[in-house]
Amino acid sequence: MPPPAGGMPSARRARLGRRLRSLAGIALSLALTLLGLLLVTFVIGRIMPIDPVLKVVGERATQAQYDAAYQAMGLDKPIWQQFLRYMAEVLRGDFGRSISTGHPVAQDLLRVFPATVELATLGTLIGVCVGVPLGVVAAARRGGWIDQVARVVALVGYSMPIFWLGLMGLLLFYGILGWVGGPGRQGIIYDGMVPTVTGLILIDSLVAGDWAAFRDAFSHIVLPASLLGYFSLAYISRMTRSFMLEQLSAEYVVTARVKGLSEGRVIWGHAFRNILVPLITVIALSFGSLLEGSVLTEIVFSWPGIGQYITKALLAGDMNAVLGGTVVVGTCFVALNLLSDILYRLLDPRAK
C-alpha cells in the first residue's frame, strides 16, 4: 500500500532516525570528551605547586594587591564556580594572558601552532608515503630481505632517541656537509620578510611568489621533518605490515589467487582495501603524536612551535600558557578522532 499523501515511508523514517541517533551519539561523545579535557586541565592548574597570583602581581606586591588580584581571578569563589568560569572562558577562546610574553595566550598560540602543524604534516606525509608501501611489500614478501629491512627500520625508529638523531643530523648535514639550513624556521635575512597568510611558511612564501624564501624555509624544515617522518614511518610501516599479514592469510585472498588474479591486484585491490579503515586510525594517531610529541625536535632545532612554547612556559611557571597549549593539542586529538570516524563511514558502508 502506498504511503499516505504527505507522509514519509517507514523505511525512510527508520533510516533518518538511525542517522539522527548516530549524530546525537557522536555529538554527546564529543561534548563529554571536551568536558573531560577541560576538567583535567583545570585540576592540573590547581594542583601545580605554583601560586598564580604571585606570578601576576610579583613577589614584592603588598597584601592588599595580592588580595585584590586573588579576588579578580575568582580564586575566592567555590571550586565549582571556578571551573564553570574557566570552562566559559575557554569556550570563548580566552586562555588568559601569558606571563612570559605579556600577550594573550590565544594570540601566542595562533602564532606558534602553525609552525608545529607544518612540521607534523610534512613528517606524517613522509611516514605515509614511505611507511605504507614498505609495510605492504614487507607483508607480501614475508621473510624476505625487504621484510627484514622493514623490521630493522621500525626497530631503530622505536629505539633511537630523537634528540640524539637531531644533533647528529645537524652536525652532519648542516655543520659538515652544508646540505640543509641550520636551526630555526628561516634564515635571519628572510625572517619576517614573507607576509603571513596561513602561518605555514612554505605556503605563504609560495603565495607571495618569493622563491628564495621558499628555498630557505624548505632547507630549514627538511631535516626536522625527515626525522619526525622517520619515527612516523616506523610506526606506520609496522602496523601496516601487521594488518596486511592478517588479510593475506584470509580465505578470500586464497580464493582470489585460485581464480588467477594477479598478485598486484590481490594485494592492492583486495587486501589493502580492507585495511584502509584501521590504517586511518593509525595515521591519525601518528599525526596527533607528532603534534604533541615534537617537543624535543623543536628544542633541538630551535623550531618556534607549540612544543617549545609549552616547554618554555612550564619552566617559567606560566600556567596559562601551559594549559592553553594543552587544551589546543587535546582538542586536535578529539578532532582527529572525529575525522577518523567520518572517514570510516565513507570508506566502509558497514559502519553507516
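For reference, positions follow the sequence shown, starting with 1.
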Would you say the side chain of [Y] lies within less than 4.5 Å of the side chain of [X], judging by non-hydrogen atoms?
{"X": "Ile267", "Y": "Met244", "result": "yes"}
{"X": "Gln186", "Y": "Val194", "result": "yes"}
{"X": "Val112", "Y": "Pro304", "result": "no"}
{"X": "Val105", "Y": "Ser98", "result": "yes"}
{"X": "Leu37", "Y": "Phe333", "result": "no"}
{"X": "Leu248", "Y": "Arg257", "result": "yes"}
{"X": "Phe301", "Y": "Leu227", "result": "yes"}
{"X": "Val222", "Y": "Ser226", "result": "yes"}

Step through the shown structure and confirm whether more than 12 heavy atoms of other residues, nucleotides or ligands are within 6.0 Å of [atom1] on [X].
{"X": "Ile188", "atom1": "CD1", "answer": "no"}
{"X": "Trp268", "atom1": "CH2", "answer": "yes"}
{"X": "Glu263", "atom1": "CD", "answer": "yes"}
{"X": "Phe218", "atom1": "CZ", "answer": "no"}
{"X": "Met87", "atom1": "CE", "answer": "yes"}
{"X": "Leu91", "atom1": "CG", "answer": "yes"}

May I have the list of side-chain donor-acceptor pairs in residues 163-174 shorter than 3.5 Å, sequence neighbours left out?
none

Would you mind writing out the side-chain donor-acceptor pairs for residues 118-143 within the sub-3.5 Å range, not counting sequence neighbours?
unit_1, atom_1, unit_2, atom_2, d
Glu118, OE1, Arg185, NH2, 2.8
Glu118, OE1, Ile201, N, 3.3
Glu118, OE2, Ile201, N, 3.2
Glu118, OE2, Leu202, N, 2.9
Thr121, OG1, Val117, O, 2.6
Thr124, OG1, Ala120, O, 2.8

Of all heavy-atom pairs between [X] and [Y], which one has the smallest distance, and what is that distance?
{"X": "Thr311", "Y": "Gly307", "result": "OG1-O, 2.8 Å"}
{"X": "Gly305", "Y": "Ala115", "result": "CA-CB, 4.1 Å"}
{"X": "Leu296", "Y": "Ile162", "result": "CB-CG2, 4.0 Å"}
{"X": "Leu279", "Y": "Phe272", "result": "CD2-CE1, 4.1 Å"}
{"X": "Ser289", "Y": "Ser286", "result": "OG-O, 2.7 Å"}
{"X": "Phe113", "Y": "Ile306", "result": "CD1-CD1, 3.8 Å"}

Quick one: do [X] and [Y] end up in the same hydrophobic cluster if we chain Ile, Leu, Val, Met, Phe, Trp and Tyr together by side-chain heavy atoms under 4.5 Å apart?
{"X": "Ile44", "Y": "Val327", "value": "yes"}
{"X": "Ile283", "Y": "Leu290", "value": "no"}
{"X": "Val254", "Y": "Tyr252", "value": "no"}
{"X": "Val266", "Y": "Ile275", "value": "yes"}
{"X": "Val295", "Y": "Tyr230", "value": "no"}

[atom1] of [X] to [atom2] of [Y]: how many Å apart, nearest 0.5 Å?
{"X": "Leu228", "Y": "Thr297", "atom1": "CG", "atom2": "OG1", "value": "4.0 Å"}
{"X": "Ile310", "Y": "Leu315", "atom1": "CD1", "atom2": "CG", "value": "12.0 Å"}
{"X": "Leu84", "Y": "Glu89", "atom1": "CG", "atom2": "CD", "value": "11.0 Å"}
{"X": "Phe243", "Y": "Ile236", "atom1": "CZ", "atom2": "CD1", "value": "11.0 Å"}

Q) Should the pair Phe83 and Phe42 be assigned to parallel (<30°), tilted (30 to 60°) or perpendicular (>60°) ring geometry? A)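 Ring orientation of Phe83 relative to Phe42: perpendicular.
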Q.
Using side-chain contact (heavy atoms from CB on, under 4.5 Å), reason through Phe95 and Leu323 one step at a time and then give a plain yes or no.
A. CA-CA 8 Å; Phe95 299 104; Leu323 296 180; over 6 Å; no
For a quick test of your reading: what N or O donor-acceptor pairs under 3.5 Å do the side chains of residues 206-217 make, sequence neighbours left out?
unit_1, atom_1, unit_2, atom_2, d
Asp210, OD1, Ala212, N, 3.4
Asp210, OD1, Ala213, N, 3.1
Asp216, OD2, Gly187, N, 2.8

(Q) I need the single residue from Thr116, Asp108, Asp318 that forms a side chain to side chain donor-acceptor pair (under 3.5 Å) with Tyr309. Which is it? (A) Asp108
Q. Quick check: does any side chain N or O of Asn320 sit under 3.5 Å from a backbone N or O of Arg97, one acting as donor and the other as acceptor?
A.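 Yes, the answer is positive, given that a donor and an acceptor are paired below the 3.5 Å cut-off.
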